[in-house]
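Reviewing the structure listed below.
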Protein chains: 2
Amino acid sequence: MQQVSDSSPSPGYDPAPTSSRALIVDRIRSAGTLSRVELTQLTGLTAPSITAVVRRLIDDGLVAEAGRGTSASTGGKPRTLLQIRGAARYVVGVHLSVDSLTYVLVDYAGGVVARWRRDGPGDESDPEEVVQRVALETGELIERSGVDPALVLGLGFVCPGPLIRNRGVTSAPPSMTRWVGFPVRSRLQERLGLPALLENDATAAAAGTRLTTSHDVSVMAALFMSEGIGSGLRLNGNVYQGAHGNAGEVGHICVQIGGPRCWCGGTGCLEALAGPAAVVAKARAAGLDLGSHRHSGVAAFAAIARLALSGDSRAEAIIKDSAAWMALGAQTIANMYDVQLLVLTGPAFAVAGTIYLPILQERILSSVFGRSVGTEVVLDERGHDAAALGAALLMLKSEHAVSA
Amino acid sequence: MQQVSDSSPSPGYDPAPTSSRALIVDRIRSAGTLSRVELTQLTGLTAPSITAVVRRLIDDGLVAEAGRGTSASTGGKPRTLLQIRGAARYVVGVHLSVDSLTYVLVDYAGGVVARWRRDGPGDESDPEEVVQRVALETGELIERSGVDPALVLGLGFVCPGPLIRNRGVTSAPPSMTRWVGFPVRSRLQERLGLPALLENDATAAAAGTRLTTSHDVSVMAALFMSEGIGSGLRLNGNVYQGAHGNAGEVGHICVQIGGPRCWCGGTGCLEALAGPAAVVAKARAAGLDLGSHRHSGVAAFAAIARLALSGDSRAEAIIKDSAAWMALGAQTIANMYDVQLLVLTGPAFAVAGTIYLPILQERILSSVFGRSVGTEVVLDERGHDAAALGAALLMLKSEHAVSA
DNA sequence: CCTACTATATTCACAGATCGAACTAACCGG
DNA sequence: CCGGTTAGTTCGATCTGTGAATATAGTAGG
């Protein structure tokens with residue numbers, strides 16, 4: 001294989017498929033099912049090449065033919081559809097937050113085989129313990145699913161940023177201080193004996209929406225809300241990561257000069273004004289009854305959202321205030337990234353998304369730049385698992401040497 | 001040549017070198033002078049390949065050997081340096097603004113052969129007339145420089161966004177209303193009989209800093225201030241353009257809820273608060289003497305900056321107020337793009353840059369994200385020509401078929 | 001049922017890029 | 001002058017992809 005462009009892996013991106021083999025697998029995966037003719041169009045390769053590559057993929061058991069094509073018969077040979085053989089390989093995606101630890105087992109076709117949510121390690125977690133736990137639980141997950149461990153390609157691990165890619169978490173959220181400088185990726189690899197990949201939650205979530213949305217949206221972003229607020233940019237199926245893996249930190253742009261102090265040291269950060277923690281604090285101050293959700297930011301936030309949805313006007317006002325600030329963040333994303341599509345995702349949007357969506361849509365549409373080009377804003381129904389799923393998909397994509 | 005990755009040109013980017021030939025030319029150009037060994041490292045190709053490609057480049061007269069390498073002798077054959085033969089090809093870059101029309105003639109090595117600034121077409125300019133004028137003046141520029149017109153590869157044209165790439169200006173600044181929907185690119189091509197390329201000023205300026213800064217800064221952004229405010233993101237020498245060519249519109253992010261109305265329809269836009277027009281308006285309101293600069297935004301702005309630099313405290317306060325807002329924009333760029341380097345460029349920074357620089361630096365450094373990863377902020381001394389230069393360089397890069 | 005017709009997929013011979021290994025070239029220091 | 005060291009080239013092999021022609025599998029019509 002020739003490597004025309006990236007010998008030194010191009011910084012700023014997750015690996016774009018470089019071999020035709022990987023490219024074809026990638027395209028079939030995101031389309032679900034595809035004929036050879038369509039592949040010629042999508043890849044730019046000629047029919048003979050497609051034939052050759054696909055044959056080897058079939059021989060290797062990675063791809064299978066899946067019946068005849070449907071399309072309206074115009075009087076020719078119908079296309080034979082190709083699909084990824086899901087059972088050929090597997091990857092695991094893990095999303096760590098203070099609240100929860102989410103696992104997904106994803107097959108080679110990108111389908112979710114198993115998902116599993118456990119309580120998070122909580123405040124002040126010891127990274128070494130968490131690594132051990134993740135290794136154990138990953139093993140359990142694989143075993144329970146009855147998947148051959150030899151077929152598991154690797155693990156994608158995702159946590160709140162900021163981080164230094166491929167090295168370790170650098171400056172984690174307030175309650176994860178012990179993670180500063182910890183080399184998660186290599187520790188996980190050692191424990192698991194598997195390739196591992198480290199990504200920040202928002203960026204991974206952007207990758208996670210990949211199979212959700214149609215593939216012809218080539219420039220899109222995810223606005224991610226969990227304990228913190230972040231965003232990710234996806235281009236042609238590749239995720240933009242920035243120089244240090246911290247691109248898309250909308251949570252810490254300043255939206256109010258002289259605004260409240262944020263844990264990051266700044267003032268007037270979007271996260272400090274509109275993040276779940278801020279919403280929960282305001283709700284507490286307003287004396288709202290949050291039930292048993294004392295500690296957990298996202299769970300308490302969800303409780304407030306449920307109150308708002310059930311007609312509590314104080315809860316609604318608080319959430320809508322947050323949404324107004326978030327709308328600024330969304331507008332900033334639209335202006336800076338110039339995307340065709342913005343997806344709201346992450347655990348915090350799982351319940352509250354329907355309140356935020358129209359407010360964000362309205363703001364995006366009311367700016368000239370949004371209006372003239374028609375940026376679409378949608379809600380991801382898989383907000384809870386988006387980050388873990390994205391971690392898994394990134395791992396899938398990073399598997400270049402699809403050796404038999 | 002195989003096209004592994006981009007058959008359908010990948011949206012969101014200017015063409016990354018796909019052929020080894022283009023890649024090698026590109027690398028030599030940005031390094032100035034390079035040996036074959038260094039090329040093997042930079043491109044990932046093997047020595048034999050480099051030898052072969054370089055031989056053809058030399059045969060075609062595009063590259064020449066340039067003496068022996070300098071490096072401390074460790075007892076081996078010294079490297080033979082390669083450089084681009086500047087005289088092999090040329091490109092023209094044009095930057096249109098209301099105030100001024102800037103031309104640069106750039107040789108194949110990326111060196112500026114001639115630069116030329118004329119008065120801009122002014123308010124309410126007729127695009128058809130401007131195209132005609134640009135075609136004429138481009139011809140004049142080439143003729144005066146004594147360059148063989150047959151060696152001119154094309155013209156890069158740059159104007160304030162927003163625009164629809166490769167089609168026409170869409171929603172130009174207030175005084176360019178007649179440009180809405182005008183197909184500049186194709187009209188220029190027709191008039192000139194040369195390939196043309198359309199880009200927005202800030203994005204081009206990001207490309208224009210390419211030879212200015214060292215090449216190992218692979219993720220950088222430009223904050224561009226002319227009549228408006230914009231920014232551009234550069235990755236590995238490629239410029240990010242967004243889905244519609246309007247990425248980096250920092251000028252129209254909202255930095256003050258309920259702030260002043262902007263021509264774009266929004267409120268509290270950075271440009272409305274801190275742009276040259278706003279600064280000029282404030283200075284007028286304060287009764288500052290702007291000399292003869294009545295109409296021209298950037299020229300009047302420069303006059304205010306000069307007052308500030310010469311100790312006028314009112315002027316200084318006004319500029320520093322603008323700088324405080326701009327710092328928010330800079331911080332947003334740093335957070336969203338996660339760059340290693342931020343360059344301040346554009347005509348408006350040509351005089352005022354030294355006032356803005358420390359204020360922006362301070363804000364970037366005071367945010368954790370900036371501090372922990374060390375985003376550098378510098379001033380481009382070629383602010384005036386950056387956009388035109390960038391236009392030319394983008395055109396140079398887009399020349400793929402380096403046919404003899 | 002047989003024959004056009006159409007679109008899909010494959011075969012085969014060939015072009016081109018790149019690679020690995022071995023080799024030549026240039027310079028140093030003793 | 002001779003080994004040591006690094007730079008660059010030659011050569012045959014490999015691998016990827018191409019173009020032209022061919023085989024395959026359906027529909028539509030007589």
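Below, chains carry the letters A, B, ... as their sequence lines are ordered, and counting in each starts from 1.
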Below 4.0 angstrom from OP1 or OP2 of C:dT10, is there any side-chain N or O of A:Thr51? yes
Send over the distance from A:Leu39 CG to C:dT8 C1', rounded to a whole Å. 13 Å
Between C:dT10 (P) and A:Asp59 (CG): distance, integer Å: 12 Å
When you compare the side chains of B:Gln83 and B:Glu65, does any donor N or O come within less than 3.5 Å of an acceptor on the partner? no
Lys NZ or Arg CZ of B:Arg85 over B:Tyr108 ring: under 6.0 Å, within 45°: no
With no hydrogens and no angle check, just 3.5 Å: does a side-chain donor-acceptor pair link A:Thr80 and A:Arg36? yes
To the nearest angstrom, the CD1-P distance between A:Ile58 and C:dA9 comes to 11 Å
If you only use heavy atoms from C-beta on, which nucleotide in C:dT18, C:dG20, D:dG19 is closest to the side chain of B:Leu45? C:dT18
Out of D:dG17, C:dT18, D:dG8, whichever nucleotide has its closest atom nearest the side chain of B:Lys77: D:dG8
D:dA7 phosphate, OP1 or OP2, under 4.0 Å from B:Thr80 side-chain N/O: no
side-chain contact (heavy atoms from CB on, under 4.5 Å) with B:Leu34: which of B:Ile24, B:Ile84, B:Leu81, B:Leu42? B:Leu42
Verify the distance criterion only: is there a donor paired with an acceptor across the side chains of B:Ser186 and B:Gln189 at less than 3.5 Å? no
For A:Arg55 and C:dT11, is the shortest distance between a side-chain N/O and OP1 or OP2 below 4.0 Å? yes
For atom CD1 of A:Ile50 and atom P of D:dT16, their distance in whole Å: 14 Å
Output the single nucleotide from D:dA7, C:dA9, C:dT18 whose closest atom is nearest the side chain of A:Ser35. C:dA9
Just the rounded figure in Å: distance from C1' of C:dC27 to CZ of B:Arg79. 14 Å
Could you pick out which residue, A:Pro78 or B:Arg36, lies toward the 5' side of DNA chain D when each is mapped onto its nearest nucleotide? B:Arg36
Looking at A:Thr46, does any N or O in its side chain come under 4.0 Å of the phosphate oxygens OP1/OP2 on D:dT18? yes
Please pick, from C:dT18, C:dA9, D:dG17, the nucleotide with the shortest atom-to-atom distance to any side-chain atom of A:Ser49. D:dG17
Has B:Arg56 got a side-chain N or O lying under 4.0 Å from the OP1 or OP2 atom of C:dA17? yes
